[in-house]
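Okay, so here's the structure we're looking at.
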Amino acid sequence: MSKIEIKKIVKALNASDGAGVKLKRSIGTPEADYIDPFLMLDEFGSENKDDYLAGFPPHPHRGIETVTYMLNGEFEHKDSTGSKGNMGPGDIQWMKTGRGIIHSEMPTMSDGKLLGFQLWINMPASMKMNKPKYDYIKSNQKTKFEDHDKKINLIAGKFENVEGPVKGHNVEPIYFDIELKENKKINIKVPETHNSFVYLLKGDLKIGSKNHEKINDSTLILLERGSNLEIFANKESKFLFIAGKPIGEPIARGGPFVMNTKAEILQAIQDYNNGTFAKY
Ligand code: CO
């Protein structure tokens, strides 16, 4: 079993998106542009309503999956397939945009703390023009692993004999939300085919067996390939562990559209402008 070491530590950058929601972006930045198959990772959240009230009014996507995971707060989601739902603490929306979806994500809370994540996963050329599909995973549908040292919410992937609700996915994703107590460790088995990372929300972690700089709060830790990941908590920590099998295709980015070529991006813009984008 090869032990996984850190490849790069990337401090999340302050950014804003939608109608001015403040967020911290880590993947999809100059330091970590594309961690195949992951295109973007945002931590959004604030205790100040002015940072989030404007929300994400209607906007399109093509060629990607967006995975939204709420930890605190309430959002309402609506999209061009007719889906509509409220997201509360612990809920996940896993959206395969395929050829086109137009959606909005607006806070239904007027104050209090908002906290969540949005991850973009690339889709292979063979799936980019599929019909959109939208999965809503309620907080209580996530599977859980718990012992004296740790608590894991499993969204996708397997830990020991517990498996998350997202199955049969082409990138064989692992998506764990982990709480690890002070001076405790966790060992995670990872397929050697996968790219993986840890996103530390809060705490202080030691990863792998080599010395590394201090890792605390809102930091992306990109990992080398390997099969055994060991994480030790210098103090009580909360973090995500995410992994997926690379797609290995060229990408062309055009804001909310991610395709294989520039011509396909221009086509997406044209389809959006002439109203054929979200016709299924
Ligand atoms: Co969106």
Side-chain angles (χ1 to χ4, degrees), residues 12-29 33-35 37-46 51-71 73-88 91-109 114-123 127-137 155 166 169 171 173 175 199 240 242 244 251-259 264-265 267-269 271-273 275 277-280:
L13 298 174
N14 290 318
S16 95
D17 211 335
V21 178
K22 289 210 175 123
L23 48 86
K24 289 176 182 148
R25 181 160 294 163
S26 51
I27 298 176
T29 62
D33 179 48
Y34 179 40
I35 313 302
F38 305 109
L39 292 155
M40 200 186 83
L41 179 67
D42 286 342
E43 174 193 338
F44 54 87
S46 178
D51 291 343
Y52 60 75
L53 272 186
F56 301 90
H59 59 276
H61 289 289
R62 175 177 280 179
I64 60 171
E65 301 180 39
T66 68
V67 181
T68 308
Y69 180 27
M70 294 290 289
L71 293 175
E74 311 262 343
F75 255 69
E76 186 190 57
H77 168 265
K78 276 187 209 163
D79 73 38
S80 50
T81 69
S83 283
K84 186 178 162 176
N86 252 307
M87 291 192 73
D91 292 349
I92 293 141
Q93 178 207 284
W94 194 300
M95 189 168 73
K96 296 170 193 265
T97 71
R99 57 184 286 187
I101 206 163
I102 298 169
H103 75 151
S104 64
E105 296 146 304
M106 299 300 287
T108 51
M109 53 201 277
L114 175 75
L115 179 62
F117 291 97
Q118 190 168 80
L119 175 72
W120 288 13
I121 308 175
N122 196 19
M123 298 180 92
M127 296 170 82
K128 280 185 186 292
M129 295 302 277
N130 283 357
K131 245 179 101 169
K133 194 171 169 280
Y134 163 84
D135 282 312
Y136 194 62
I137 302 158
I155 297 160
V166 175
H169 191 288
V171 306
Y175 193 145
Y199 186 85
L240 305 178
I242 295 176
I251 60 162
R253 287 187 191 252
F257 311 128
V258 183
M259 302 300 288
E264 289 165 340
I265 295 290
Q267 185 64 52
I269 296 167
D271 291 351
Y272 183 61
N273 287 339
F277 184 78
K279 297 270 186 294
Y280 312 121

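Just follow the structure's listing: the first ligand is 1, and inside any ligand the first atom is 1. Note that the numbering runs from 1 along the sequence shown for the chain. Because the structure is predicted, anything quoted here is derived from the model rather than measured.
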* Note: R62-D271 ion pair, threshold 4.0 Å (strictly below) ->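 D271 and R62: salt-bridged.
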* Residue and atom names of protein N/O/S atoms that fall under 2.8 Å from the Co ion (ligand 1) ->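 Protein N, O or S atoms closer than 2.8 Å to the Co ion (ligand 1): H59 NE2, H61 NE2, H103 NE2.
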* Within the distance-only criterion (no hydrogens, no angle test), does the side chain of K128 pair as donor or acceptor with the backbone N or O of M123 below 3.5 angstrom? ->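 At least one qualifying donor-acceptor pair exists.
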* H61 (side chain) donor-acceptor with H59 (main chain) under 3.5 angstrom ->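 Checked: no pair found.
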* Give a yes-or-no answer on whether the side chains of E105 and Q118 include a donor-acceptor pair shorter than 3.5 Å. =>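 Q118 and E105 do have a side-chain donor-acceptor pair below 3.5 Å.
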* Residue pair H77 / Y134, side-chain donor-acceptor N/O under 3.5 Å ->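 A pair is found: one side chain offers a donor N or O, the other an acceptor, under 3.5 Å apart.
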* Asked: Taking only residues two or more places apart in sequence or in another chain, which ones pass ring-ring contact (aromatic ring centres under 6.0 Å, His included) with Y272?
  ->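 Partners of Y272 under the ring-ring contact (aromatic ring centres under 6.0 Å, His included) test: F277.
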